[in-house]
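Heads up: the structure comes next, in structure tokens.
When a ligand or atom number is given, it counts from 1 through the structure's own listing order.
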Amino acid sequence: MRPFHFVGNLKMNPISSAAADRYLSGLREGFAEGLPEGVSVSVAAPFIYLERFAEGLPEGVSLAAQDVFWEREGSYTGEVSPAMLHDASVTLVLIGHSERRNVGRETDGETGKKVSAALSAGLRPILCIGETAEERDAGTESDVLDRQLSAGMEGVVATDADKVIIAYEPRWAIGTDRTPSLGEILEARVVIRRSLVERFGPETAERIPVLYGGSVKASLLGETCFGADMDGVLVGRESLYPREVANMVRMLGEKAAGR
Ligand code: PGA
């Protein structure tokens, strides 16, 4: 049985090292009794606090970054390479988050380069895909998911495919308090699974976790994750509250125990 994944995305928070330390101490308190079986937990921190998080995260919680560049080193002012992240104890990295794709800052092709580079450095990419409200209104959401998935997985060989985690995050549900219906999530899941099967075959595709993200909170885990048979959640704003992180992870653990 695949584990559930809980990925917290702190975005551009916390805003000081003191606040980061308070957050970390809240998390350690929340997980004082350890992590439940069957749930893999990670937190994506801003670059500047990665080392602090590497030291301060509760035992068993993995460190993720929120982006990465595709080159290893060189004249790329402001960028951070996969090798640097690896060296900073990062094990997972968000790629193609909608807040980075927004207004064309990050293209489909770039997400593919980032996924390949992350894998080569031994990082686990979390490839975020999802349609805008306009694309859904136009009925093109399946094509968009297919396109983003194909581009993101372009350079991934079958033996590496199950190291990638896919996060379905409709853009209109991120940061908005609007979530898709169960039917909409199920449809997206089918499109994603079909595309993964076509690319990697059924056995490998089956091992690739597919998460839901966008306005997730504890009270919505049933609809957005369990009901839609997703492999976990990518949580933004609610992950800023250590107690909520611990609460959602506990719920995922209870569900995992009953599977
Ligand atoms: P949200 O963000 O939970 O605040 O909507 C989701 C995300 O950042 O992926």
Side-chain angles (χ1 to χ4, degrees), residues 4-15 19-20 23 27 30 39-47 49-50 53 61-68 90 92-103 105-106 111 114-115 118 124-133 135-136 141 144-145 148-149 152 164-182 184-185 188-189 192 209-228 230-249 251-252:
F4 279 119
H5 291 264
F6 177 95
V7 182
N9 175 19
L10 300 184
K11 310 189 189 225
M12 205 168 67
N13 304 285
I15 59 155
Y23 179 80
L27 268 194
V39 191
S40 159
V41 182
S42 54
V43 175
F47 288 139
Y49 298 132
L50 285 177
F53 271 66
V61 175
S62 305
L63 180 59
Q66 299 177 7
D67 189 25
V68 65
V90 168
L92 301 100
V93 58
L94 299 177
I95 292 176
H97 190 279
S98 79
E99 286 155 14
R100 301 212 56 84
R101 291 182 189 258
N102 210 3
V103 289
R105 280 193 302 175
E106 184 161 325
T111 64
K114 290 181 178 191
V115 168
R124 203 161 181 197
I126 303 167
L127 174 64
C128 306
I129 60 174
E131 80 286 357
T132 61
E135 287 162 342
R136 176 163 284 277
E141 66 275 14
V144 171
L145 293 182
Q148 293 180 344
L149 201 54
V164 182
I165 297 171
I166 308 294
Y168 169 56
E169 299 206 296
R171 273 199 222 185
W172 48 274
I174 298 179
T176 58
D177 289 328
R178 281 173 63 206
T179 46
S181 67
L182 181 59
E184 287 168 338
I185 301 179
R189 186 180 170 281
I192 293 167
V210 180
L211 318 185
Y212 170 78
S215 294
V216 174
K217 47 181 157 191
S219 59
L220 293 174
L221 275 188
E223 268 164 65
T224 59
C225 180
F226 305 140
M230 297 303 248
D231 298 304
V233 281
L234 173 47
V235 183
R237 287 156 299 158
E238 282 290 293
S239 69
L240 295 175
Y241 306 102
R243 192 178 302 167
E244 284 311 309
V245 173
N247 190 22
M248 284 186 264
V249 169
M251 290 168 74
L252 290 165

Under 3.5 Å donor-acceptor, Thr111 side chain and Ile95 backbone: no
Can you pull the salt bridge (charged side-chain N to carboxylate O under 4.0 Å, His left out) pairs that have at least one residue in residues 230-247, sequence neighbours excluded? Arg2-Asp231, Asp177-Arg237, Arg193-Asp231
Would you check if the side chain of Glu131 reaches a backbone N or O of Leu145 as a donor-acceptor pair within less than 3.5 Å? no
If you count heavy atoms of other groups shown closer than 6.0 angstrom to CZ of Phe47, is the number above 12? yes
Output, or 'none' if empty, a list of ligand 1-protein atom pairs in which both atoms are N or O and the distance is under 3.5 Å, rounded to 0.1 Å.
unit_1: ligand 1; atom_1: 2 (O); unit_2: Lys11; atom_2: NZ; d: 3.0
unit_1: ligand 1; atom_1: 3 (O); unit_2: Ser215; atom_2: N; d: 3.4
unit_1: ligand 1; atom_1: 3 (O); unit_2: Gly236; atom_2: N; d: 2.9
unit_1: ligand 1; atom_1: 4 (O); unit_2: Arg237; atom_2: N; d: 2.9
unit_1: ligand 1; atom_1: 4 (O); unit_2: Arg237; atom_2: NE; d: 2.6
unit_1: ligand 1; atom_1: 4 (O); unit_2: Arg237; atom_2: NH2; d: 3.4
unit_1: ligand 1; atom_1: 5 (O); unit_2: Gly175; atom_2: N; d: 2.7
unit_1: ligand 1; atom_1: 5 (O); unit_2: Ser215; atom_2: N; d: 2.8
unit_1: ligand 1; atom_1: 5 (O); unit_2: Arg237; atom_2: NH2; d: 3.1
unit_1: ligand 1; atom_1: 8 (O); unit_2: Asn9; atom_2: ND2; d: 3.0
unit_1: ligand 1; atom_1: 8 (O); unit_2: Lys11; atom_2: NZ; d: 2.8
unit_1: ligand 1; atom_1: 8 (O); unit_2: His97; atom_2: NE2; d: 2.9
unit_1: ligand 1; atom_1: 9 (O); unit_2: His97; atom_2: NE2; d: 3.0
unit_1: ligand 1; atom_1: 9 (O); unit_2: Glu169; atom_2: OE1; d: 3.1
unit_1: ligand 1; atom_1: 9 (O); unit_2: Glu169; atom_2: OE2; d: 2.5

Is it true that Glu135 and Arg171 make a salt bridge, defined as a side-chain N closer than 4.0 Å to a carboxylate O? no
Would you find a donor on one side and an acceptor on the other, under 3.5 Å apart, between the side chain of Arg105 and the backbone of Glu99? yes
